[in-house]
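In listed order, ligands and their atoms are each counted from 1.
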Amino acid sequence: MGIKVCKFGGSSLADAAHFQRVRDILLSDPERRFVVASAPGKRDKADEKVTDLLYQCYRAVERKQPAEEIFARIAGRYMDIACALGVQQGMEKVLEDTFAEIVRQKSPDFAASRGEYLNAFLLARYLGWDFIDAKDFVKFDRQGIFASEWTNEILAGALRAHERAVLPGFYGSLPNGEIHTFSRGGSDISGAIVARAAQAELYENWTDVSGFLMADPRVVENPQPIDVLTYRELRELSYMGATVLHEDAIFPVHRAGIPTAIKNTNAPEDPGTMIVAEPTEACFRRPITGIAGHKDFTLISIEKAMMNSELGFGRRVLQALEDFGVSFEHLPTGIDTMCVVIPDRELTATRAQIVSRIRETCQPDSIEISGGLALIATVGHGMVKTRGTAARLFTALSEANVNVRMIDQGSSELNIIVGVDVADFETAVRAIYRAFVK
Ligand code: ASP
């Protein structure tokens, strides 16, 4: 029998009713043996996430301000869940001890980690499953970099000793035993790490949406869901702004060849999205998989006659960026031109200095800076096999009266990236969507 590892996000474990739903999901499939829990999320739009409250609590302690009232709100969330599910015995003492430890340790990571710790503890109790503390098996090095191989080895050993278990997401520990967290949303990463260590056949990531959509629903009305996509396609789409899964959750499972299913806790029967390591037949049957984009980029265009034969020209341009700690996104080039696309936020403080450094070291004929650029990535393995994809895309943009300011297509033929005026962003995304989706 295969193993499925399930991660439930904060909205899926926000209150007792959701705990019951989670239990039904887990009990409906005996292969679901390991669960990774997030901290309780928002119950409605106006609500607060327990993780945010824990950071607030830490800040109050740090500033020597009273933190009791904030912690009482956190404790109330857990007591409500525990009482409704009949697992409240001893819980008040656990919460009291937790607060005392937050005050004693004065560590933001320790404080934040208690959201996952307490929720996993409660879920394990409610299910009657074992509890495994991530602190003992998810390891970071002294610099706080995740130690993937060390973790995999010890976690695999630990999981073998349990038939069914719940683990808290989001944190692990440093070599000195101190708690250390991943970045926000990091329980997705914990789930992927557990899936790899368990050699799972499937990593199920349960959230509050039924998978990925082909485009941002705030831009395109009612976009179609994506039934299957590859990790590489997902990386391209999420890099460009599609956020359902933490970016770093891709690596452990991709490398191990384990697919990830994105499922909706509130609608478990919805098919969701399956993310696979290698493209399947279905991936090639459609021309594109999805469209994603970002606003607020700047384009630096550098022109110099005979640039193509000047040794080290490109290096000097990039060196100027590196010297000011700026990383670039794209680098479309021509014969005598080189463009660098940079997010605006990277340039705010250093713009003028970078330009004068490029002038100094590269002596270009001209250098032009223009802001207000939006990038749109159209992604899909299907492009390789579908003739006319680019023609369709650019025709759609021209018919929508959108001026294309930059084009970049990687040699992988997995995406076509176009740069348009920020003001044209929504129109362009809609036009591309309509061109490919009937
Ligand atoms: N609770 C943490 C956060 O809010 C981690 C997570 O939910 O994945 O970022």
>> For the backbone of G382 and the side chain of R285, can you confirm whether one donor and one acceptor N or O come within less than 3.5 Å of each other?
In response: no
>> Minimum distance, heavy atoms only, to atom 6 (C) of ligand 1: which one of G10, P40, G169, S187 is it?
In response: S187
>> Within 45 degrees of the ring normal and closer than 6.0 Å to the centroid, is that where the cationic atom of R430 sits relative to Y433?
In response: no
> How far is atom 5 (C) of ligand 1 from its nearest protein heavy atom, and which residue and atom name does that atom have?
Replying inline: E116 OE2, 3.4 Å
> Would you say the side chain of W129 lies within less than 4.5 Å of the side chain of L26, judging by non-hydrogen atoms?
Replying inline: yes
> Among all protein non-hydrogen atoms, which one is nearest to atom 7 (O) of ligand 1, and what is the separation to 0.1 Å?
Replying inline: S38 OG, 3.2 Å
> Looking at R77 and D47, does any basic side-chain N land under 4.0 Å from a carboxylate oxygen?
Replying inline: yes
> Looking only at heavy atoms of H246, does any of them come nearer than 4.0 Å to an atom of ligand 1?
Replying inline: no
> Can an N or O of G185 be found at a distance shorter than 3.5 Å from an N or O of ligand 1?
Replying inline: yes
>> Can you report which non-hydrogen protein atom sits closest to atom 3 (C) of ligand 1, along with the distance?
In response: R184 NE, 3.3 Å
> For G115, is the nearest heavy atom under 4.0 Å from an atom of ligand 1?
Replying inline: no
> Mind checking whether K7 has an N or O less than 3.5 Å away from an N or O of ligand 1?
Replying inline: no
> Less than 3.5 Å between some nitrogen or oxygen of D188 and one of ligand 1, yes or no?
Replying inline: no
>> Looking at D52 and R184, is there a salt bridge between them, counting it only when a charged N and a carboxylate O are closer than 4.0 Å?
In response: yes
>> Tell me if the CD atom of E92 is crowded by more than 12 foreign heavy atoms within 6.0 Å.
In response: no
>> Check whether Y126 forms a cation-pi arrangement with R23 (NZ or CZ under 6.0 Å from the six-membered ring centre, at most 45° off the ring normal).
In response: yes
